[in-house]
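Working notes for the structure below.
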Amino acid sequence: MAFRRSLLKAGAAGAGLAAFAAGTAETGRRLVSGLAAPRPAGRAPAPEAVVDPLTGEVTPNPEQYVAQTLCQGCGAGCGLRVRVERATGRVLRVGGNPWHPLVADPPLPDATTPREALRLLSRHHETGLTYRATLCGRGAALPAQAADPGRVLTPLKRVGPRHAGRWQAISLEQLIREVVEGGDLFGEGPVAGLRALRDDAPIDPARPHLGPRANQFAWLGTAEPGRLGLVRRFVRQGFGSVNLLATDTSPSWPDIGQAAYVIVCGGGTGDSFRPMLRRLAAGRATGRLDYVVAAPVLGTFDNAAAGAHAGWLPIRPGTELALALGMIGCIIAQGRYDAEYLSRPHAAAGTASFSNATHLVICEPGHPREGSFLRASDLGHTAADEDDPCVVEDAADGTLRPATVVPRAALFVDRRVGGLRIRSSLDLLRESTQAQPLAAFAAICGVPAEALAALARDFTSHGRRAVMVPGISGTANGSLATFALMTLNTLIGNIGSPGGMLPDGDAFPAEAAGPRYDLATFPGMRVASGVVSSAVPAEWLAASLQGTPYPLGALVLWGAPPLDGTPGLRAALARDLADPKKLPLIVAIDRFADGSSAFADYIVPDSMGPESWGWAARTHTAGWPVVSPRTATSADGAPVTLESFLIGCAKALGLPGFGTAAIRDAAGAAYPLVRAADWYLRAGANIAFAAPSVPDAGDDDLWLTGLDRLRPELEATLKPGEWRKVAGVLARGGRFADPGTATAVPRQVNICHENLTCPAGVPRWVPPSFADGTALQVPYPPAQWPFLLVSQQDPVPAAGRTVLLHQDDAARLGLGSGDTVLVETPDGRMTGTAVLRAGIMRGVIALAGDDLSPGPGLRDPTRTGESLWVDPASGSVVRQGLPARVMRA
Ligand code: SF4
C-alpha cells in the first residue's frame, strides 16, 4: 500500500500555515502581551482558573470545581473532566480527563495534584495543549443527553395494556413492593413477584437440569461500563439465577501511542477506537505512524484516510475473515512471523504473553479426543503440575515434553506418536490458510491479490510495533474473523508489547477479594445453576417467549437492549413481548421510555454520565456522582437509580450479600451494603490499597474537584486511614496503570482453540451463510438483491436516518443526495435520506444513525419460527452484510 507521504508539498504547507497564522493572530497577540486573562466570549462560561503565564501561580475560580469521572457513553471506559458550577450543580463543560491514558497523550503523571493539573493545562510553559484530553462526540454530548427534557426521572408504572404508551408516576417504594410481592398489578390477573420466583424448587421436576425456579428471573443488560459487579451480586449470587446476560468492557486495546503501523479492519476508526483518535492523529501528523482502514465504509473520523500516512482498502462486508486468512497465508509462507515469540511455549519471566502456536493437537480422525491438545498424562508423565500441561516438540532434540519445561519448541510439527497423528497449532493454521490461494481470498474481499500481499508485507515491517484492530461486529462470520485478525497480532508477537495489542488491565482488584474488602464472596452466597434460557443471547427473548427451554417469569431490561440496534428483532418479537401472558413481568431500568423500555410494566429511572457510580474494570476508571442525579429520590433520600432499585429489592427479599452486615474486610469484620456508596467506595479502597501506595487527597484536592461534597459519605463509609486515599483516586478519576505493565501475569494467547473441532480449532474460511450452511446468495441472489447493507454508527447521534451509497451506484439509480429512498431487505423496509459518498464501496449501502431498530433485518430462512440470522459462533444477530436493494421512495 502506497502512502502519499509527499502530499504536503512546500507550497500547500506554506499556504496552510499562512491561513493558520491569520486565523490565530489575535490569540497570538494576546499571548505575547499577556492579555489572555479570562475574557469569555459570548455565552462561554468563565474559566475554571487563572494561571499566571510567568510564575505559574494558580488562582482557581471559587464558583466552579473540576471533577474527573467515568464516561458511560459506550464500553470504552474513557475518563471525563467535568466543570461544574458550584452553587447550582450545573455542568458547564465536559472534556477528557488529563490523567486518563485513553484520552490524553501523554496523560498527566499519577502523582500530579489537581492544582498542578490546572497549571499544566494552562499556557504556562506552553503545556496546556500537550495535556489537553479529548472525548469523542458521544461522550461530549452526555451532559446534553442528561439534560434532555424527555428523560424519565420518576419511577413509572404502565396504565392500560402493555406498550400502550401510557404511564403513571409512582414512588420507588411502591415499585419495589409490587415487583417483589406481585399480585393483581394491572387488573389483568395475578402476577408472580420476585419473592415467589426466588424458589429452589425445580422449574420442571421432570427436567431437573433446567435448574431452580429462580432461573425464571432474568436480567438482560448493556455494555455500560463499571456497574456490572453489583448487578452480578444481586442476580447470580444473591437471587441465584443463571440468567444474567450482560457484558462489560472489551478485553484488549491497541497501543496507538507507540505503534508504527495500524490496520483497522471491518469498521472505521470512529467506530472502533474513538478514544485513540488523538493519538492516531498525532502519530500520523508526525509521520511516526501509518494506518489503513480495511472496511466497506470509510467512517466519519476516517475521511482524511486518503491523506498522508493513511489509506483505505475497501473490502466487501463479511469478508474480513478472508482478508485475515490471506494475510496470514502470506506471512507464514514468507516466514514473516516472529519465530522467537511463537516458539516460546509457556509463560516466562519478564514477558507479557506467550502463545500456544507450538502446542500439539491430536489430529487422529475418529479419536475420542480429536481436536484436543496432547497432554503430559497422554505420554505417561506423572503430572507434577495438576493442570496436566500441553505437550510440545522440543526444538533442541525433537523430544515430546511438557510445554512448561521446554524453552524453545518446534513451530511446525506433523508426526505420529504411538499410532496417533499429532500436529502443532501453527501447522494447522498454515494448512487452513493454504486451503485457498491468495488470489481467491483477495477475490472474496473484492481487492487485488497484490493489495493483500502488500498489506501483509507492511504489517510485518515494523517488528512488534504494528497492530491489527478488529473493528467488526455483526457479520455472519464475525467471531471467526475477529479470531483470525487477532491471530495476526499473535503472529508478530505484539500481545502486551509496546505499540501492539494490550490485554485488559488487571493490576488493581476492584470488585474482587481485594486488599481491603472482599466484594467477591459473602456468607449465604448462592451458586447459580441450571440451563440458561437460551444459548444464543440475541434469541434470549425469542426463546423464552416461546417457552424454550422454559418460560421466564420476570425480566429486567437494563439500558436499551435488546430491540434497539438489532435489526429485525423488534418486528419479530413486538407482538409476543406486548403480551403479559408470554412474559408476565418486565421492568426496564432506563433513562428514556422508548425502544425496549416501551414494552415494560415498570420503568426505573437511572443516573446518567457524570451522575453515576462505576468502576470500569479495564481502565480502572472511577465513576462517581460529580453532580447529583436529576432523578427523583426514594423515601430515605437516595436518588432513584439502578443501585437504589437493586438495594431496595434485596432488602425487601432479604437477599444475602446485601444489608447491614454484607461486606467483610480482611480481618473478617462486617460492613453494610445499604447504599451505592457502600459498594463503590469499598471497591475504591481495594484499588487505592493495591501496591504501590497512592497519595492521600488533601483538603485542597477535595475542594478543587468537588469531592468536598462527598466527604461526609467518604468518612461515614470508609475507615479513617482509607478515605483520603480513595478520595485521591477519585480526584484523578481512577488509578491508571502504565499500559505496558497493566498485566500482572503473562497471558496465553491462542493460535488454536481446543474447544473447536479439529481442524476448525484455528481460523478457517467460512462464507456468510445460514444455520444449515446454505450460502447467503442461494436464497438471495445478487441479481435480485444487488447491494449488501451495513450499519454505520454515528459518533454523534443525528436526527433521522441517512442512507449512504457510492456516487456511481446513485448515478446508475438516478438518485441524488437528499433524495428520500426506500431500502428493502427480504424481511424489512425503511426510508431514509440518501447521502452520496466516495468513501463507500460500490455495491454497498450503509444506514447511518444511532437507532436502526425499526430497520431492515433478516430471518434465517433455513430455521423455523421467528429465528433471526445469527453468527453461529457467538449467537450475535447479523447486522452487517444483509442482502438489500434501494430505490427512490
Ligand atoms: S469512546 Fe466516547 S462515548 Fe465511549 S467512553 Fe470514550 S468518550 Fe465516552
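Residues take their numbers from the sequence shown, with the count starting at 1. FYI, side chains are in, hydrogens and waters are out, and symmetry mates aren't considered; it's all heavy atoms of this structure.
Between the side chain of Ser544 and the backbone N or O of Gly547 there is no donor-acceptor pair closer than 3.5 Å. Not one N or O on the side chain of Trp615 forms a donor-acceptor pair closer than 3.5 Å with the backbone of Arg227. A donor-acceptor contact shorter than 3.5 Å links the side chain of Arg630 to the backbone of Ala146. Between the Lys157 side chain and the Leu185 main chain, a donor and an acceptor come within less than 3.5 Å of each other. The backbone N or O of Ala588 sits nowhere less than 3.5 Å from a side-chain atom of Ser597 that would complete a donor-acceptor pair. Of the possible donor and acceptor atoms, one in the side chain of Asn686 sits under 3.5 Å from a partner among the backbone N and O of Ala510. Checking side-chain atoms of Thr631 against main-chain N and O of Val640 turns up a donor-acceptor pair under 3.5 Å. A donor-acceptor pair is defined here as one N or O able to donate and one able to accept, closer than 3.5 Å; such a pair exists between the side chain of Asn215 and the backbone of Val242. Looking only at distances, a side-chain donor or acceptor of Glu173 sits under 3.5 Å from a matching main-chain atom of Ala635. Side-chain N or O atoms of Arg664 include one that pairs as donor or acceptor with a backbone N or O of Gly668 at under 3.5 Å.
The shortest distance between side-chain heavy atoms of Arg162 and Asp601 falls below 4.5 Å. Contact annotation: the side chain of Leu707 approaches that of Trp624 to within less than 4.5 Å [non-hydrogen atoms, C-beta and beyond]. With a 4.5 Å cut-off on side-chain heavy atoms, Tyr602 and Leu156 do not count as touching. Under the 4.5 Å side-chain criterion, counting only non-hydrogen atoms from C-beta, Val556 is in contact with Ile589. Between Leu80 and Pro610, the closest side-chain pair of non-hydrogen atoms falls below 4.5 Å. Inter-residue side-chain proximity for Pro190 and Asp184 is flagged as unmet; no heavy-atom pair is nearer than 4.5 Å. Under the 4.5 Å side-chain criterion, counting only non-hydrogen atoms from C-beta, Arg213 is not in contact with Pro202. Looking at heavy atoms from C-beta onward, Pro161 lies in side-chain contact with Arg166 at the 4.5 angstrom threshold.
Between Phe234 and Phe645, the distance separating the two ring centers is not shorter than 6.0 angstrom. Aromatic rings of His620 and Phe736 (six-membered ring for Trp) have centroids beyond the 6.0 Å cut-off, not under it.
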Evaluation steps, salt bridge (Lys or Arg N to Asp or Glu O under 4.0 Å), between Arg232 and Glu511: CA-CA 11 Å; Arg232 190 182 298 117; Glu511 295 165 331; 5.5 Å; no
Worked check of salt bridge (Lys or Arg N to Asp or Glu O under 4.0 Å) between Glu188 and Arg158: CA-CA 12 Å; Glu188 299 165 349; Arg158 74 172 158 94; 2.9 Å; yes
Intermediate values then yes/no, salt bridge (Lys or Arg N to Asp or Glu O under 4.0 Å), Arg526 and Asp200: CA-CA 11 Å; Arg526 291 193 167 189; Asp200 288 335; 3.1 Å; yes
Check against side chain to side chain contact (heavy atoms under 4.5 Å, CB included), Glu643 and Trp679: CA-CA 10 Å; Glu643 287 82 7; Trp679 178 261; over 6 Å; no
Test log, rule side chain to side chain contact (heavy atoms under 4.5 Å, CB included), inputs Asn243 and Trp219: CA-CA 6 Å; Asn243 281 313; Trp219 186 291; over 6 Å; no
Gln237/Phe522 under side chain to side chain contact (heavy atoms under 4.5 Å, CB included): CA gap, chis, key distance, verdict: CA-CA 9 Å; Gln237 299 170 320; Phe522 51 85; 3.5 Å; yes
Side chain to side chain contact (heavy atoms under 4.5 Å, CB included) evaluation trace for Val626 with Thr69: CA-CA 7 Å; Val626 304; Thr69 188; 3.7 Å; yes
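Between Arg151 and Glu611 a salt bridge is recorded (basic side-chain N to carboxylate O distance below 4.0 Å). Salt bridge status for Asp579 with Arg575: absent, with no side-chain N to carboxylate O gap under 4.0 Å. Electrostatic pairing of Arg195 and Glu178 does not count as a salt bridge here, judged by no charged N lying under 4.0 Å from a carboxylate O. Salt bridge absent: Lys581 and Asp576 never bring a charged side-chain N and a carboxylate O closer than 4.0 Å. The pair Arg711-Glu715 meets the salt-bridge criterion, with a side-chain N (NZ, NE, NH1 or NH2) lying under 4.0 Å from an Asp/Glu carboxylate O.
Using cut-offs of 30° and 60° on the angle between ring planes, the pair Trp613 and Tyr680 is parallel. Tyr671 and Tyr517 have perpendicular rings, their planes meeting at more than 60° on a 0 to 90° scale where under 30° would count as parallel. Ring geometry, His163 versus Phe599: the interplanar angle falls under 30°, so the pair is classed parallel (tilted spans 30 to 60°).
No side-chain donor from either of Asp606 and Thr641 sits under 3.5 Å from a side-chain acceptor of the other. Between the side chains of Arg675 and Ser644, no donor-acceptor pair is found at a separation under 3.5 Å.
Between atom OH of residue Tyr550 and atom CG of residue Leu210 there is a gap of 7.0 Å, rounded to the nearest 0.5 Å. Atom OG1 of Thr621 sits about 7.0 Å away from atom CG of Leu102, to the nearest 0.5 Å. Between Leu175 atom CG and Ile170 atom CD1 the span is 4.5 Å, to the nearest 0.5 Å. One distance of note links CZ of Phe239 with CG of Leu646; it measures 12.0 Å at 0.5 Å rounding. Between the CG atom of Leu70 and the SG atom of Cys78 there is a distance of 9.0 Å, given to the nearest 0.5 Å. Note: Leu557 CG to Ile603 CD1 = 10.0 Å, rounded to the nearest 0.5 Å.
Heavy-atom neighbours of Lys582 NZ from other residues, nucleotides or ligands within 6.0 Å: above the threshold of 12.
A side chain to side chain donor-acceptor pair (under 3.5 Å) with Asp665 is found for one member of Arg516, Lys719, Arg682 and no other, namely Lys719. With Leu172 as reference, Pro155 is the one residue of Pro155, Pro639, Pro605 to meet the side chain to side chain contact (heavy atoms under 4.5 Å, CB included) rule. Remark: of the listed residues Ile647, Val604, Asp590, Val231, Val231 is the sole one forming a side chain to side chain contact (heavy atoms under 4.5 Å, CB included) with Leu642.
The two residues Pro656 and Arg198 come nearest to each other via the heavy atoms CD-NH2, 3.5 Å. Between Gly648 and Ile176, the shortest heavy-atom contact is CA-CD1, 3.6 Å. The two residues Ala690 and Arg735 come nearest to each other via the heavy atoms O-NH1, 2.7 Å. Between Thr717 and Ala677, the shortest heavy-atom distance links the atoms CG2-O, 3.8 Å. Contact detail for Val726 and Leu714: the closest heavy-atom pair is CG1-CD2, 4.3 Å. A pairwise comparison of heavy atoms in Cys71 and Leu142 identifies SG-CD1, 3.6 Å as the closest pair.
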